[in-house]
Colleague: 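Just passing along the structure, written as structure tokens.
Quick caveat: nothing in here was measured; it's all calculated off a predicted structure. We name chains A, B, ... by the order of the sequence lines, and we start the count at 1 in each one.
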Amino acid sequence: KAGVTQTPRYLIKTRGQQVTLSCSPISGHRSVSWYQQTPGQGLQFLFEYFSETQRNKGNFPGRFSGRQFSNSRSEMNVSTLELGDSALYLCASSFIGDSSYEQYFGPGTRLTVT
Amino acid sequence: AQSVAQPEDQVNVAEGNPLTVKCTYSVSGNPYLFWYVQYPNRGLQFLLKYITGDNLVKGSYGFEAEFNKSQTSFHLKKPSALVSDSALYFCAVRDGAGANNLFFGTGTRLTVIP
């Protein structure tokens, strides 16, 4: 079974621009969560989508948004980029309903804001 | 609120020696605990989890963890360290009974010295 894939792997943007990151979960997984990883703040939860609905949200400003499509693929968008948004953005998928509670992570998208 | 603490930023161990990476937790309700490992420029890989049952949990790559309710700890262990075990290790707790997202510790960098 193919793992979680994220595109692009690397991205360089300028302050004020917006960016869209994509995540394809493991086949059959309907939950997709997004995390931000930075040296200063560590791993922080952004939001989770399940069946095209946002189920849970972390403590991030409204510039961070996401969506999920009917095939469970998810995108996250960051508008009006700031230097502090430079981070590794990780997507994780999980199968809801089997009580395993495991999340499977993709390789991440490294975003650099200049 | 759920939280986990990894008191050591860095752990060094000689190859062949046993290793321990420490984690303590604070949760309301039953703890759902996880260990993940991250290699450079990679996403997180699941190692093991404690949901219920035996306090000693065995996971991938020869790792195990001991759940200790009285000490609220979930230390990661391996009897004999390999150089290839050098990586960043994260302890995580499920963020609430109805949530699917994880709350991560700050991470411990393990270096296995040949």
Side-chain angles (χ1 to χ4, degrees), chain A residues 3-7 9-10 21 23-26 29-51 53-60 66 68 74 87-110, chain B residues 1-10 21 23 25 27 29-53 57-60 63 65 67 74 87-109:
Chain A
V4 178
T5 58
Q6 293 187 244
T7 56
R9 292 292 310 277
Y10 301 92
L21 312 182
C23 171
S24 293
I26 292 171
H29 286 192
R30 293 167 60 195
S31 169
V32 173
S33 298
W34 288 89
Y35 295 84
Q36 181 196 64
Q37 184 178 19
T38 60
Q41 299 298 319
L43 276 157
Q44 294 185 288
F45 170 71
L46 281 155
F47 29 65
E48 182 210 2
Y49 285 86
F50 177 73
S51 293
T53 301
Q54 188 180 91
R55 281 211 304 189
N56 202 359
K57 188 177 187 304
N59 189 24
F60 278 82
Q68 187 180 35
S74 177
L88 181 67
Y89 289 89
L90 293 164
C91 162
S93 76
S94 56
F95 181 84
I96 302 298
D98 65 348
S99 301
S100 67
Y101 306 110
E102 294 166 30
Q103 294 199 354
Y104 296 86
F105 284 80
T109 294
R110 172 77 60 188
Chain B
Q2 323 291 68
S3 68
V4 291
Q6 294 181 245
E8 300 160 317
D9 291 335
Q10 174 82 42
V21 183
C23 173
Y25 66 89
V27 303
N30 295 323
Y32 293 61
L33 297 160
F34 304 81
W35 276 103
Y36 284 83
V37 60
Q38 186 176 35
Y39 297 99
N41 301 315
R42 302 279 295 276
L44 276 66
Q45 294 181 31
F46 170 80
L47 281 177
L48 51 78
K49 66 183 178 186
Y50 174 84
I51 305 297
T52 187
V57 179
K58 295 189 181 296
S60 306
F63 284 93
F67 172 71
F74 189 56
L88 189 56
Y89 290 80
F90 290 95
C91 181
V93 64
R94 195 172 179 226
D95 194 13
N100 192 42
N101 60 289
L102 298 172
F103 186 90
F104 286 89
T106 51
T108 297
R109 185 163 299 282

Colleague: Could you check whether the rings of F105(A) and Y35(A) sit parallel, tilted or perpendicular, using 30° and 60° as the cut-offs?
Modeller: tilted

Colleague: Sort Q103(A) into side chain, backbone, both or neither according to what part of it lies under 4.5 angstrom from a heavy atom of chain B.
Modeller: both

Colleague: Is any side-chain heavy atom of E8(B) closer than 4.5 Å to a side-chain heavy atom of Y89(B)?
Modeller: no

Colleague: Which bit of L90(A) is near chain B, if near means a heavy-atom gap under 4.5 Å: side chain, backbone, both or neither?
Modeller: side chain

Colleague: Quick one: which of Q41(A), R110(A), Q37(A) has the most heavy-atom pairs under 4.5 Å with chain B, could you say?
Modeller: Q37(A)

Colleague: Specify which of F103(B), F90(B), Y36(B) makes the most heavy-atom pairs with chain A at under 4.5 Å.
Modeller: Y36(B)

Colleague: Measuring only between side-chain heavy atoms, which start at C-beta, is L88(A) closer than 4.5 Å to Q38(B)?
Modeller: yes

Colleague: Over 60° means perpendicular and under 30° means parallel, so tell me whether Y25(B) and F67(B) are parallel, tilted or perpendicular.
Modeller: parallel

